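So the structure is just underneath, and the comments pick up after that.
Numbers for residues simply follow the sequence, beginning at 1. These values consider heavy atoms only, across backbone and side chains, with no hydrogens, waters or symmetry-generated copies. Not measured: the values here are computed from a predicted model.
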Amino acid sequence: MDLVERYLKAVAAQLPKETREDIVAELRDDIMGRIEDLEARLGRAPTDDEVEALLREAGHPLTVAARYRPGPQALIGPELYPWWLFGVKVGLTVMACVTLIGLAARVLAGDVYPGQAIGQGVASLFSGAVSIIGILTVAGFILERQAKKPDFIAKWRVKDLGLFELGGNIDADDWSRKLSGDWSEPKAKPGPAVKESAEMSPVARAVASAIGWTVVLLWWTGLLPVMAIRPEELAGVVDGVDYGLILRQMVQAAYWPVTLFAVCRIGFDLMRAASGGNARLTALGDLAFGAAAAWGVLWIWFWSALSPVIWVGTVTEFIQRVSGLFDRVDGDVGGLATILMVVVVWAFLAEVARMLRAAGRLAVGR
């Protein structure tokens, strides 16, 4: 019975030490009973090949041991899997946006040609997708093994479900079918597209914001291998302005403030999601983060390396530069500089508007 002992030792190696002896004894009795029945049917002692076939029927040692092991039997269980899949959709969407920003910056700075940018973007999307799916899988693995699931999973509310319309037209089943090698069109007619019009509650926005800012933080710190903006590699000169040098100086100055902002934002979003989306807490956070973002925009306008290129002192000068985009003559400031000027002004006004809305919500409590 050397084969049986080898089999049982392989099973025992996968079992908890506390219950190993009892389980192995139970399995030995079951297997020996099967061998005795086989011997009775054959009228002789079974051969090694026949014993091995019987052990294969009993199951692989890893499978057999798993039946006796406490805890989840899946990497991510059926209850948590839809949340994991939703996180993947949001994460990949944000990653695609970040990649496009990186591509646009490199093309505008003259670092790469558009064709090269497309090829590099595809490679970055693939490696970034692998990283995001891996990170979310590790998070799901840990959550699956917690005795108490987070409240946003166990105590969900109907008014938070608007969040899940996002990405509703991304058919996960269709992609799974294609990954299995079946590229044929489904016979059934596709259903109507999901109308993404529902307003998200504070909890829903907090979950989506936390995922999005996590992707941005990983990209900003270089931990996410997507199309990054590497200032040291940019040396493009547009309209006589070295934007590669400007970007390098800005990133060096803003690296840690932006990192701290993203970390605080993620922590706050997770806190308000766990608290059920308290209206005043959300408004207070929006007010604080809006003020921080507005200060960052003011830094770009007045004190950053980009300031000499985009700064204007009066509204009249601003209007003249914008008009120059459509009717440029020799001696006008470059078009890219004017576009950046408009973007910075628009960003500041957007943050001010967000702060005003947050102040209103803070006052009324809803």
Side-chain angles (χ1 to χ4, degrees), residues 13-20 61-96 98 125-157 160-161 163-164 166-167 170 172-173 175-176 179 200-226 259-278 281-282 285:
Q14 317 305 321
L15 296 171
K17 292 183 179 179
E18 298 79 10
T19 58
R20 182 177 295 171
L62 293 176
T63 306
V64 173
R67 299 171 190 159
Y68 296 92
R69 192 181 302 121
Q73 299 296 318
L75 188 67
I76 297 176
E79 181 183 9
L80 193 59
Y81 174 78
W83 291 87
W84 173 88
L85 183 60
F86 172 74
V88 168
K89 289 182 180 181
V90 174
L92 293 181
T93 300
V94 175
M95 183 198 68
V98 168
L125 285 173
F126 178 79
S127 58
V130 171
S131 298
I132 288 177
I133 293 173
I135 291 170
L136 290 173
T137 301
V138 171
F141 176 85
I142 295 172
L143 286 175
E144 184 65 39
R145 280 144 185 82
Q146 302 303 307
K148 183 178 181 299
K149 297 293 188 293
D151 286 345
F152 69 85
I153 294 178
K155 300 178 181 179
W156 55 272
R157 300 177 301 178
D160 296 334
L161 298 182
L163 170 66
F164 297 95
L166 297 176
I170 301 176
D173 292 336
W175 280 102
S176 298
L179 287 174
M200 292 190 291
S201 71
V203 172
R205 288 195 298 269
V207 174
S209 178
I211 295 173
W213 275 105
T214 298
V215 175
V216 171
L217 177 62
L218 293 173
W219 168 74
W220 176 256
T221 56
L223 298 177
L224 187 64
V226 299
T259 301
L260 179 61
F261 180 92
V263 170
C264 292
R265 181 78 221 197
I266 293 168
F268 174 74
D269 287 334
L270 293 176
M271 180 177 68
R272 68 188 177 117
S275 68
N278 181 276
L281 176 64
T282 300

Legend entry - Non-neighbouring partners of Trp213 that pass side-chain hydrogen bond (donor to acceptor under 3.5 Å, both in side chains), sequence neighbours left out: none

Legend entry - Residues forming a side-chain hydrogen bond (donor to acceptor under 3.5 Å, both in side chains) with Thr137, sequence neighbours excluded: Trp84

Heavy-atom pair with the smallest gap, counting every atom of [X] and [Y]:
X      : Y      : value
Leu75  : Arg145 : O-NH1, 3.3 Å
Gly77  : Glu144 : N-OE1, 2.9 Å
Leu15  : Arg20  : O-NH2, 3.0 Å
Ala262 : Leu217 : CB-CD1, 3.8 Å
Arg272 : Asp269 : NE-OD1, 3.0 Å
Leu270 : Ala210 : CD2-CB, 4.0 Å

Inset, instruction - Indicate yes or no: at least one non-hydrogen side-chain atom of Leu281 is less than 4.5 angstrom from one of Met271. - result: yes

Atom [atom1] in [X], atom [atom2] in [Y]: separation rounded to 0.5 Å?
X      : Y      : atom1 : atom2 : result
Gln14  : Thr63  : CD    : OG1   : 10.5 Å
Lys89  : Ile211 : NZ    : CD1   : 12.0 Å
Ile135 : Leu218 : CD1   : CG    : 4.5 Å

Inset, instruction - Inspect the surroundings of OH in Tyr68 and state if more than 12 heavy atoms from other residues, nucleotides or ligands are less than 6.0 Å away. - result: yes

Inset, instruction - Using the test ring-ring contact (aromatic ring centres under 6.0 Å, His included), find all partners of Phe268 that sit at least two apart in sequence or belong to another chain. - result: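 Counting only residues at least two positions away or on another chain, Phe268 forms a ring-ring contact (aromatic ring centres under 6.0 Å, His included) with Phe289.
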
